[in-house]
Amino acid sequence: DVQLQASGGGSVQTGGSLRLSCSVSGIGTGNYAIGWFRQASGKEREGVSCIGVSGYTHYSDSVKGRFVVSEDAAKSTVYLQMNSLKPEDTAVYYCGAAQFCSLSSPSGYDYWGQGTQVTVSS
């Protein structure tokens with residue numbers, strides 16, 4: 001049974017930091033790309049970052065230079081370190097598993113976690 005569980009969300013002020021975790025079970029993180037998407041209220045889900053099987057990382061322009069994605073294969077966990085947070089980063093963050101690293105569409109992802117809320121206040 002494949003499960004992805006996102007955690008680590010919370011409320012911070014502008015400029016603060018949070019680290020999200022995506023715990024993966026049932027599939028090896030070395031066999032799937034893990035992506036982070038977010039969905040703000042009333043908006044479509046958008047890609048934020050992903051890490052491929054080879055360790056390749058990709059970021060959306062809106063978070064490049066502020067967010068860092070990494071993986072601890074031994075713990076089957078992928079992290080998203082979010083720094084210099086802005087109010088526009090407020091959203092529910094989801095992690096998903098896909099064959100290939102992609103931020104263009106959530107439809108390419110085979111499995112999803114339940115999401116964790118991130119709220120950034122000004």
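Predicted model only: the values in this text are computed from it and were never measured. All heavy atoms count here, side chains included; hydrogens, waters and symmetry mates do not. Position 1 is the first residue of the sequence, and the numbers go up from there.
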- Message: Minimum heavy-atom separation for Ala40 and Thr90, please, with both atom names.
- Response: CB-O, 3.7 Å
- Please determine, by modelled atom types, if Tyr93 and Arg38 share a side-chain donor-acceptor pair under 3.5 angstrom. yes
- Note on the structure: In this structure, CG of Asp1 is separated from OG of Ser25 (nearest 0.5 Å) by 7.0 Å
- Item | Linked, directly or transitively: Trp36 and Val2 (ILVMFWY side chains, under 4.5 Å) | yes
- Task: Spell out, yes or no, whether Tyr94 and Tyr109 are grouped together once hydrophobic residues are joined by side-chain heavy atoms under 4.5 Å, including indirect joins.
- Result: yes
- Task: For Cys95 and Ala6, work out which heavy atoms get closest and say how close.
- Result: SG-CB, 4.0 Å
- Do Val68 and Val120 belong together in a cluster built from hydrophobic side chains that touch within less than 4.5 Å? yes
- Message: Between Arg66 and Ser84 (side chain of the first, backbone of the second, donor and acceptor by atom type, cut-off under 3.5 Å), is there such a pair?
- Response: yes
- Message: Are Ile34 and Tyr111 connected into the same hydrophobic cluster when the rule is that any two of I, L, V, M, F, W, Y join if their side-chain heavy atoms are below 4.5 Å apart?
- Response: yes
- Enter the distance from Ser104:OG to His58:NE2 here, rounded to the nearest 0.5 Å. 8.0 Å
- Say whether, by atom type as modelled, one donor and one acceptor occur between the side chain of Gln3 and the main chain of Val24 under 3.5 angstrom. no
- Query: Where do Phe67 and Leu85 land on the side chain to side chain contact (heavy atoms under 4.5 Å, CB included) test, with the steps shown first?
  - Reply: CA-CA 9 Å; Phe67 291 11; Leu85 283 162; 3.8 Å; yes
- Task: Look at atom CD of Gln13 and say whether more than 12 heavy atoms of other residues, nucleotides or ligands are closer to it than 6.0 Å.
- Result: no
- Message: Just checking Lys64: does its NZ atom have more than 12 heavy atoms from other residues, nucleotides or ligands closer to it than 6.0 angstrom?
- Response: yes
- Query: Same cluster or not: are Met82 and Phe37 linked, directly or through other Ile, Leu, Val, Met, Phe, Trp or Tyr residues, by side-chain heavy atoms under 4.5 angstrom apart?
  - Reply: no
- Item | Closest approach of Leu4 to Cys22 (non-hydrogen atoms, all atoms of both residues) | CD2-SG, 3.8 Å
- Note on the structure: d(Ile51 CD1, Ser70 OG) to nearest 0.5 Å is 6.5 Å
- Task: Identify the heavy atoms of Val69 and Cys50 that sit nearest to each other, and give their distance.
- Result: CG1-O, 3.8 Å
- Query: Is any side-chain N of the basic residue among Asp89 and Lys86 closer than 4.0 Å to the acidic one's carboxylate O?
  - Reply: no
- In terms of heavy-atom contacts, Ser105 and Ser102 come closest through N-OG, 4.2 Å
- Item | Donor-acceptor under 3.5 Å (Thr77 side chain, Lys75 main chain) | yes
- Message: Has Thr119 got a side-chain atom pairing as donor or acceptor with Ser11's backbone, closer than 3.5 angstrom?
- Response: no
- Task: Determine whether the side chains of Asn83 and Ser17 contain a donor N or O and an acceptor N or O closer than 3.5 Å.
- Result: yes
- Message: Tell me the closest heavy-atom pair linking Arg45 and Gln39, and the distance in Å.
- Response: NE-OE1, 3.5 Å
- Query: Roughly how far, to the nearest 0.5 Å, is OG of Ser49 from CD of Gln81?
  - Reply: 12.0 Å
- Output the distance between atom CG (Leu80) and atom CZ (Arg19), rounded to the nearest 0.5 Å. 10.5 Å
- Decide if atom CD of Glu88 counts as having more than 12 heavy atoms of other residues, nucleotides or ligands within a radius under 6.0 Å. yes
- Task: Would you confirm whether Tyr79, through its side chain, and Asp72, through its main-chain N or O, come within 3.5 Å as a donor-acceptor pair?
- Result: no
- Message: Is there a side chain to side chain contact (heavy atoms under 4.5 Å, CB included) between Thr116 and Leu20? Walk through the geometry before answering.
- Response: CA-CA 8 Å; Thr116 185; Leu20 305 184; 4.0 Å; yes
